[in-house]
Protein chains: 2
Amino acid sequence: MRIAIADDEELFRKGISMLLTDFEGVELAFQAGNGQELLDQLAAVETQPDILLLDLNMPILDGVEAAKILQEKYPELKFIVLSSYYSKAFIVKMIELGAAAYLVKNSTPEDMEHTIREVAEKGFYYDDKVMSVIRDNIITKTRPPSRVSFRNEISNREQEVLQLICEELTTPEIAARLFISPRTVHGHRNSLLSKLDCKNTAGLVVVALQEGLVDIKRMRF
Amino acid sequence: MRIAIADDEELFRKGISMLLTDFEGVELAFQAGNGQELLDQLAAVETQPDILLLDLNMPILDGVEAAKILQEKYPELKFIVLSSYYSKAFIVKMIELGAAAYLVKNSTPEDMEHTIREVAEKGFYYDDKVMSVIRDNIITKTRPPSRVSFRNEISNREQEVLQLICEELTTPEIAARLFISPRTVHGHRNSLLSKLDCKNTAGLVVVALQEGLVDIKRMRF
DNA sequence: ATGAAAATAGGCATTTCTACCTATGCCTTC
DNA sequence: GAAGGCATAGGTAGAAATGCCTATTTTCAT
């Protein structure tokens with residue numbers, strides 16, 4: 001089984017390489033320090049690696065962008081995403097881009113070997129944490145806006161206003177859409193800022209998207 | 001742990017009941033022969049069951065319809081879908097409706113016990129087959145809209161400004177952070193609005209998050 | 001070295017946002 | 001029936017954002 005590594009940290013790459021050599025039947029295909037190098041190497045080698053360990057944080061061409069290209073040009077290549085943290089947004093994004101697994105960097109070597117072997121055998125491997133994120137994502141995405149965390153705290157009207165803010169409407173536009181006074185929209189916006197503990201509109205949108213408080217289907221894309 | 005069963009076949013229900021009594025710490029809450037009976041029983045009992053085994057094929061009110069109502073009225077109730085076949089469409093549908101697990105009827109008692117225990121402990125359990133269906137569904141659902149990446153269009157400085165906007169900084173704050181004039185930040189912000197085709201800050205944040213143009217790790221949560 | 005793009009910065013005008021207030025009518029819950 | 005939450009709406013201010021201009025310097029590639 002040939003494994004390639006794409007990570008910007010030299011030391012990390014070397015460390016992983018050492019670990020991989022200890023694994024039965026595993027061979028290092030090549031290493032890359034950024035997404036561009038990775039693509040260059042993939043284009044250069046004659047036999048493609050079976051599995052790629054792909055770091056999210058890389059200069060020049062990062063993991064997300066690299067994954068988009070991989071999905072297009074090398075759909076057969078199974079890649080395991082390496083990241084420092086469990087980030088909801090990244091997990092979802094990378095799974096959507098075809099990631100075979102999502103491995104946090106402070107996992108044990110045993111975790112890594114297990115992940116690699118599962119990916120080799122079944123084509124993918126999602127641990128409990130990742131599955132949980134995926135499940136949340138499926139359920140909240142299809143059951144439009146309905147969630148527990150902040151969902152309990154904000155009122156229906158506030159949610160409507162939040163939705164429209166995320167759809168790039170200004171206060172007067174929202175007022176017109178909801179047939180209420182702009183001042184009322186102000187009030188709801190202020191409640192949202194307070195309840196969601198934000199400093200400005202940007203914060204509201206971040207929280208709304210991260211917490212699934214709005215219906216993404218109604219938005220751009 | 002109290003478990004309820006909803007299945008139209010008397011013999012199957014009895015058989016499952018017998019099996020359940022063999023499991024450590026498991027107690028039968030009640031049985032129902034169709035969806036309507038299930039809802040009646042749920043409304044009647046004083047203490048809700050912890051887990052529900054829900055058959056898909058039932059007369060009067062089938063599993064799918066029952067699940068919709070369960071999701072609405074008893075969102076806390078974890079239900080395990082029982083079905084005769086692995087059907088992609090059903091798996092996807094039921095997971096969307098909040099199913100905690102999908103168990104085919106010719107599984108072994110050990111499989112069933114394992115599923116029940118995992119659901120009790122983690123809140124859900126998807127076996128390899130189910131996971132595979134979910135994965136296919138996610139990837140194919142999100143692949144079509146292959147839109148252009150904005151990554152290449154925005155400059156480094158613009159990306160930095162975008163990042164800080166998403167971190168809820170105002171223009172003067174961003175200017176101070178980057179040691180440049182607020183007017184320059186204005187310029188970058190305007191370029192972003194233009195390049196990303198947005199109407200306001202809210203739009204910028206939406207695009208930034210959806211397209212992964214910013215480092216989520218540096219943000220709230 | 002010439003042109004293109006990026007980064008820098010400003011003027012001016014308007015709109016929008018945010019932060020303090022107050023206040024009323026309508027529900028539901030206790 | 002009192003209390004509290006919600007939706008409604010307004011006053012006043014100042015801060016921020018947005019639009020539409022111009023202009024310089026740097027940087028990079030042809």
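Numbers restart at 1 for each chain; the letters A, B, ... are given by sequence-line order, proteins then strands.
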Report the distance from atom CD of A:E168 to atom P of D:dA17, rounded to the nearest whole Å.
-> 16 Å

SB check B:R177 B:E173 (cutoff 4.0 Å) = no

B:E160 side chain to B:N156 side chain, donor-acceptor N/O pair below 3.5 angstrom | no

Quick one, give me the B/S/- string for nucleotides 7-18 of chain C, reading 5' to 3', where B means a protein heavy atom under 4.0 Å from the base and S means that only happens at the primed atoms, P, OP1 or OP2.
-> SBBBBB---SBB

B:L162 has an atom CG; how far is it from atom C1' of D:dA17, in whole Å?
-> 15 Å

Side chain to side chain, A:N34 and A:E37, heavy atoms closer than 4.5 Å = yes

Any donor-acceptor pair under 3.5 Å from A:R2 side chain to A:D50 backbone | no

Tell me yes or no: between the side chains of B:T184 and B:R157, is some donor less than 3.5 Å from an acceptor?
-> no

